[in-house]
Amino acid sequence: MTRLAALALTLAMTSTVHAAPMTLDDYLALSGPAPAATLRYGAAPSQYAELFLPSGTGPFPVAVLVHGGCWTKEFGGITQLRNMAGALAARGIAVWNVEYRRVDEAGGGYPGTYQDMNAALDLLARTAREHPLDLGRLVAVGHSAGGQLVQWLAARPRIPASSPLYRKDIVPVRQVISLGGLADLRREAALLKTSCGRETVELAGTPSTDRPDVFSDTNAGDLMPNGSHTILVTGELDTISPPRVAHDFAARARAAGDSAEVVILPGASHYDEVAATSGSWPRVLRAIESALGLDAR
């Protein structure tokens, strides 16, 4: 696809630009193109990922997308992220759009949700042997609850070997975009309750003799430094994960020795952050392309 054609497709997809701030109903109405393929990494209904491929021969940089929804089925998810996936594919970026078991699904929560993330990345590695995917240029992009999960993906090298979430051989995730992410389970427990109605036990499990600290393998805020660079993108008007959350996490990451920066989207809500039909999209796209080393295009 030529640069002009890609630009035309992107403009067509975003021709109906929402005036910020977007609402939950606006978000739930988001849609996008069908994926090139849907691949399963498990037998449960939610254990699959969608592959979006740009036109051309590649190899293509890869964006792993992980939807939010307060870790429940209630607030949409993978379907809405097709809006972003289509826009990224039009820019020459392959997309791995991940579905996973949530806390209100059998096997979801701890440890199942995290095991799904591991399995989805393992499947991506196998898929890259059959499709022109450049996993050396990879960014994980997560929205809200998905922000917690992609920051956890970057932190996996710090997980204790005794944990059921430990993997010896993993696809490294060194570039992360957290869109209104709720990453710090230990320090933001009160916010998780007020914003999402979630209790820590649902996301981190219960203490045991072998695992006295439930955050030792679940909380990105405790698994630093891990060698990642995180861009925390948050709407100025986000009430689910306010800008303070992004600034606090970035400060902790930098103090631990990791690289982190904050981007505040003027006049944007929690939902503008994730929509290619939002007026905030150019700044979100810039962050994604920068993480992939494509900002000179």
Side-chain angles (χ1 to χ4, degrees), residues 27 30 46 49-50 52 62-72 75-85 87-88 93 95-103 108 113-121 124 138-156 165 170-185 188 191-192 195-196 198 203 218-221 223-224 226 228-235 238 240-241 245-246 249-250 253 258 260-263 265 270-276 278 280-281 284-285 287-288 290-292:
Y27 165 75
L30 290 174
S46 294
E50 298 178 338
F52 292 77
V62 179
V64 175
L65 301 189
V66 181
H67 68 78
C70 285
W71 299 273
T72 76
F75 301 112
I78 194 170
T79 299
Q80 285 73 25
L81 258 62
R82 290 177 185 168
N83 183 261
M84 178 186 289
L88 291 175
I93 300 169
V95 174
W96 189 243
N97 192 21
V98 178
E99 186 57 282
Y100 54 93
R101 291 172 295 174
R102 286 157 276 184
V103 297
T113 295
Y114 303 93
Q115 291 171 333
D116 285 359
M117 291 293 108
N118 277 333
L121 269 288
L124 173 61
L138 182 147
V139 62
V141 184
H143 177 232
S144 195
Q148 183 255 334
L149 293 170
V150 296
Q151 288 176 264
W152 177 84
L153 284 172
R156 290 187 296 170
L165 308 184
I170 60 173
V171 175
V173 176
R174 298 188 177 93
Q175 300 291 330
V176 175
I177 309 289
S178 177
L179 304 173
L182 294 164
D184 201 321
L185 303 182
E188 302 292 353
L191 180 65
L192 298 182
S195 290
C196 284
R198 298 277 72 79
L203 307 173
T218 58
N219 189 36
L223 296 169
M224 299 188 290
N226 53 57
S228 65
H229 173 65
T230 303
I231 305 176
L232 299 112
V233 182
T234 301
D238 191 331
I240 304 297
S241 181
V245 176
F249 192 95
D258 283 333
E261 59 184 290
V262 175
V263 175
L265 305 173
H270 189 63
Y271 308 106
D272 293 285
E273 301 158 356
V274 76
S278 164
S280 298
W281 174 244
V284 175
L285 176 62
I288 295 171
S290 174
L292 289 169

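The figures here come from the full heavy-atom set of this structure, side chains too, leaving out hydrogens, waters and symmetry mates. Start at 1 with the first residue, then count along the sequence. Keep in mind that this is a model prediction, so the values were computed, not measured.
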Q.
Tell me which one of H143, Q151, E273 satisfies side chain to side chain donor-acceptor pair (under 3.5 Å) with S178.
A. Q151
**Q.** Side-chain heavy-atom pair Q175, L292 within 4.5 angstrom cut-off
**A.** no
Q. Is the closest side-chain heavy-atom distance between T72 and V103 below 4.5 Å?
A. yes
Q: Ignoring hydrogens and angles, tell me if any N or O in the side chain of D272 forms a donor-acceptor pair with the backbone of S278 under 3.5 Å.
A: no
Q. Can you tell me how far the OH atom of Y271 sits from the OG atom of S144, to the nearest 0.5 Å?
A. 7.5 Å
Q: Evaluate the side-chain proximity of V64 to V139: yes if any heavy-atom separation is below 4.5 Å, no if none is.
A: no
Q | Minimal non-hydrogen separation, R102 against T113, with atom names | A | CA-OG1, 4.2 Å
Q: Quick one: pull up CG in L65 and CG in L88 and give me the separation to the nearest 0.5 Å.
A: 6.0 Å
Q) Going from CD on Q80 to CZ on F75, what distance comes out if it is rounded to the nearest 0.5 angstrom? A) 12.0 Å
Q: Could you grab the distance from atom CZ of R174 to atom CG of L153, nearest 0.5 Å is fine?
A: 13.5 Å
Q: Flag the pair Q148 / W71 as yes when at least one side-chain heavy-atom distance between them is below 4.5 Å, and no otherwise.
A: yes
Q) Is any side-chain heavy atom of N83 less than 4.5 Å from a side-chain heavy atom of V274? A) no
Q. Going through the distances and angles, do H270 and Y27 end up as a ring pair (Phe, Tyr, Trp, His ring centres under 6.0 Å)?
A. CA-CA 9 Å; H270 189 63; Y27 165 75; 8.3 Å; no
(Q) A side-chain contact here means heavy atoms from C-beta on lying under 4.5 Å apart; do W281 and M84 qualify? (A) yes
Q | Test log, rule side-chain contact (heavy atoms from CB on, under 4.5 Å), inputs V233 and L265 | A | CA-CA 7 Å; V233 182; L265 305 173; 3.7 Å; yes
**Q.** Side chains of T218 and L223 in contact at under 4.5 Å (non-hydrogen atoms)
**A.** no
(Q) List the residues meeting salt bridge (Lys or Arg N to Asp or Glu O under 4.0 Å) with D258, not counting sequence neighbours, and say none if there are none. (A) none
Q.
Could you work out, with ring pair (Phe, Tyr, Trp, His ring centres under 6.0 Å) as the rule, every residue matching W152, not counting sequence neighbours?
A. Y114
Q.
Applying salt bridge (Lys or Arg N to Asp or Glu O under 4.0 Å), can you list everything that pairs with R198, at least two apart in sequence or on another chain?
A. E202
**Q.** Heavy-atom side-chain proximity of V173 to S228 below 4.5 angstrom
**A.** no
